[in-house]
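Notes follow the structure.
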Amino acid sequence: EENRLAFETFPYSALSKTYAWDQQTPDSAPTMTALITGYKTREGMLSVNHLTPRNACDARVVAAHAVPSLLEMAAARGKATGIVSTARLTHATPGA
């Protein structure tokens, strides 16, 4: 390739495996959950652990299984956070 992106000039890089807890080729909900929380969840689940029952809509159940996102951890330490997205905010990628 003749050109390099700015991040390719950084002195360090990291890898992230974003497959789901129960599927190797998942949708964007568990993949973004893996990126933003460091936790692998099940296919179709967003920012909750793999023990969350399917179709759990009760707020108490979801809260009991929620995993904190990088943004939540930063906010808890007094940092300013935000999201820039080209997808609608209700989509799984920015939703995580």
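Positions are given from 1, in the same order as the sequence printed here.
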For A56 and V62, the nearest pair of non-hydrogen atoms, with its separation, is O-CG2, 3.7 Å

Here the pair of heavy atoms bringing H50 nearest to Y39 is ND1-OH, 2.8 Å

One should read off an interatomic distance between K17 NZ and Q24 CD, to the nearest 0.5 angstrom, of 9.5 Å

- Message: Within the structure provided, determine whether M45 and P30 are in side-chain contact (heavy-atom separation under 4.5 Å).
- Response: no

ask   = Can you check whether A87's main-chain N or O pairs, donor with acceptor, with S85's side chain at less than 3.5 Å?
value = yes

Looking only at heavy atoms, the pair that brings P53 and V61 closest together is CD-CG1, 3.9 Å

The reported gap from OG in S47 to CD in E72 (rounded to nearest 0.5 angstrom) is 7.0 Å

From the list L71, L70, V67, side chain to side chain contact (heavy atoms under 4.5 Å, CB included) partner of T37 resolves to V67

Connected to L15, directly or through other members, by ILVMFWY side-chain contacts below 4.5 Å are none

ask   = Is a donor on one side and an acceptor on the other found under 3.5 Å between the side chain of T52 and the backbone of V48?
value = no

Closest non-hydrogen atoms of T31 and P26, given as atom of the first, atom of the second and distance, are CG2-CG, 3.3 Å

Heavy-atom nearest pair, H91 first then S28, reads CE1-OG, 3.4 Å

Check D27 with R42, please: is the shortest side-chain N to carboxylate O separation under 4.0 Å?
no

Taking C-beta and beyond as the side chain, do T41 and N49 meet within less than 4.5 Å on heavy atoms?
no

To the nearest 0.5 Å, atom OG of S16 lies from atom CD1 of I36 at 10.5 Å

Between the OG1 atom in T81 and the CE atom in M73, the distance rounded to the nearest 0.5 Å is 12.0 Å

Value for CG (L35) from OG1 (T18), rounded to nearest 0.5 Å, stands at 5.5 Å

Quiz item: Counting only heavy atoms not in R60, do more than 12 fall under 6.0 Å of its CZ?
Solution: no

